[in-house]
Amino acid sequence: MEIDDIAPVFHLGEELFTARAVPNLYRTWDEYEVVTNFHTDPEFCLVAEEDTTIVGFVLGSVIEKSRSAWKYGYLSWLGVRPGWQRRGVAEKLFRHFRELMLKAGVRILLVDTEADNLPALRFFRKHGFKHPQEHIYLSLNLDPHRRDMLPGRKRVLPVPHRPRIDEVPETE
């Protein structure tokens with residue numbers, strides 16, 4: 001991946017990671033995902049091209065924990081343009097990514113996806129990922145709280161407790 005690929009990768013991700021298709025991934029996909037991965041671990045940011053069009057990408061990083069001899073690889077994002085899916089693009093990207101991780105001394109490769117993303121689960125299992133762990137995401141809709149803060153809306157604020165004079169400690 002080169003610096004000029006950042007915008008096309010971002011826009012391809014916007015096309016792939018939609019709220020309808022993958023709600024949890026949609027929430028975290030933004031331009032900073034691409035920029036941050038490219039800035040911190042550019043050697044683990046790869047694109048697949050046909051002529052001059054990016055048809056797929058993978059973004060990842062290496063995690064080194066203090067007091068641990070092990071290095072962990074993390075595959076953050078893998079995406080292939082819809083017209084190019086099921087043609088081996090993801091396979092080639094992943095294999096190259098895995099080779100780079102091995103050369104970097106990574107001992108465990110991690111990936112996450114939504115529990116109902118069956119194509120992704122099949123892909124990762126096919127490539128040796130095991131021991132899936134469920135992870136639960138919770139959300140809190142703040143819209144009702146935001147409406148209370150709109151101009152012109154009366155808010156009932158709690159009255160702060162004012163200590164009585166006999167409750168205030170004496171100073172020396």
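The figures that follow rest on heavy atoms only: side chains count, while hydrogens, waters and symmetry mates do not. When a residue number appears, it is its place in the shown sequence, counting from 1.
- Criterion: ILVMFWY side-chain heavy atoms under 4.5 Å apart, direct or through other members. Under it, L93 and V111 are part of a common hydrophobic cluster.
- The closest donor-acceptor contact from the side chain of W29 to the backbone of V34 lies at 3.5 Å or more, if one exists at all.
- Here L121 is tied into one hydrophobic group with L118, each link being a pair of ILVMFWY side chains closer than 4.5 Å.
- Following chains of ILVMFWY side-chain contacts shorter than 4.5 Å, one cannot reach L75 starting from M1, and the two form parts of different hydrophobic clusters.
- To the nearest 0.5 Å, the span separating OG1 on T113 from CH2 on W77 amounts to 9.5 Å.
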Practice prompt. Give the intermediate values and the outcome of side-chain contact (heavy atoms from CB on, under 4.5 Å) for residues F124 and N117.
Written response: CA-CA 11 Å; F124 292 123; N117 188 343; over 6 Å; no
Validation: residues 78-90 side-chain donor-acceptor distances under 3.5 Å, sequence neighbours left out:
{"residue": "R81", "atom": "NE", "partner": "I54", "partner atom": "O", "Å": "3.1"}
{"residue": "R81", "atom": "NH2", "partner": "I54", "partner atom": "O", "Å": "2.8"}
{"residue": "Q85", "atom": "NE2", "partner": "V80", "partner atom": "O", "Å": "2.7"}
{"residue": "R87", "atom": "NH1", "partner": "G83", "partner atom": "O", "Å": "3.2"}

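- Qualifying side chain to side chain contact (heavy atoms under 4.5 Å, CB included) partners for L109, counting only residues two or more places apart in sequence or in other chains: F94, F97, M101, F129.
- Atom NZ of residue K92 and atom CZ of residue R95 lie 10.0 Å apart, to the nearest 0.5 angstrom.
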Practice prompt. Take I3 and I6, measure what side-chain contact (heavy atoms from CB on, under 4.5 Å) needs, and give me the verdict at the end.
Written response: CA-CA 6 Å; I3 196 161; I6 290 174; 4.0 Å; yes
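- Sequence neighbours left out, the pairs with a member in residues 122-131 that pass salt bridge (charged side-chain N to carboxylate O under 4.0 Å, His left out) are E91-K126.
- Neither W70 nor L102 shares a network with the other; the hydrophobic side chains, linked directly or stepwise wherever heavy atoms of I, L, V, M, F, W or Y lie under 4.5 Å apart, form separate groups for each.
- In terms of heavy atoms, Y72 sits closest to V106 at C-CG1, 3.9 Å.
- No hydrogens or angles considered: a donor-acceptor pair under 3.5 Å links the side chains of E14 and H11.
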Worksheet item: Hey, mind stepping through F10 and V35 against side-chain contact (heavy atoms from CB on, under 4.5 Å) and telling me if it holds?
Response: CA-CA 9 Å; F10 168 69; V35 172; over 6 Å; no
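- Considering CG of D5 and CG of L12, their distance stands at 11.5 Å, rounded to 0.5 Å.
- Counting all heavy atoms, side chain and backbone alike, A104 lies closest to V62 at CB-CG2, 4.5 Å.
- The side-chain hydrogen bond (donor to acceptor under 3.5 Å, both in side chains) analysis of residues 57-67, with sequence neighbours excluded, yields no pairs.
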Could you pull out every donor-acceptor pair under 3.5 Å between side chains of residues 36-50 and any protein atom, sequence neighbours left out?
{"residue": "T36", "atom": "OG1", "partner": "Y32", "partner atom": "O", "Å": "2.7"}
{"residue": "N37", "atom": "ND2", "partner": "E33", "partner atom": "O", "Å": "2.8"}
{"residue": "T40", "atom": "OG1", "partner": "T36", "partner atom": "O", "Å": "2.8"}

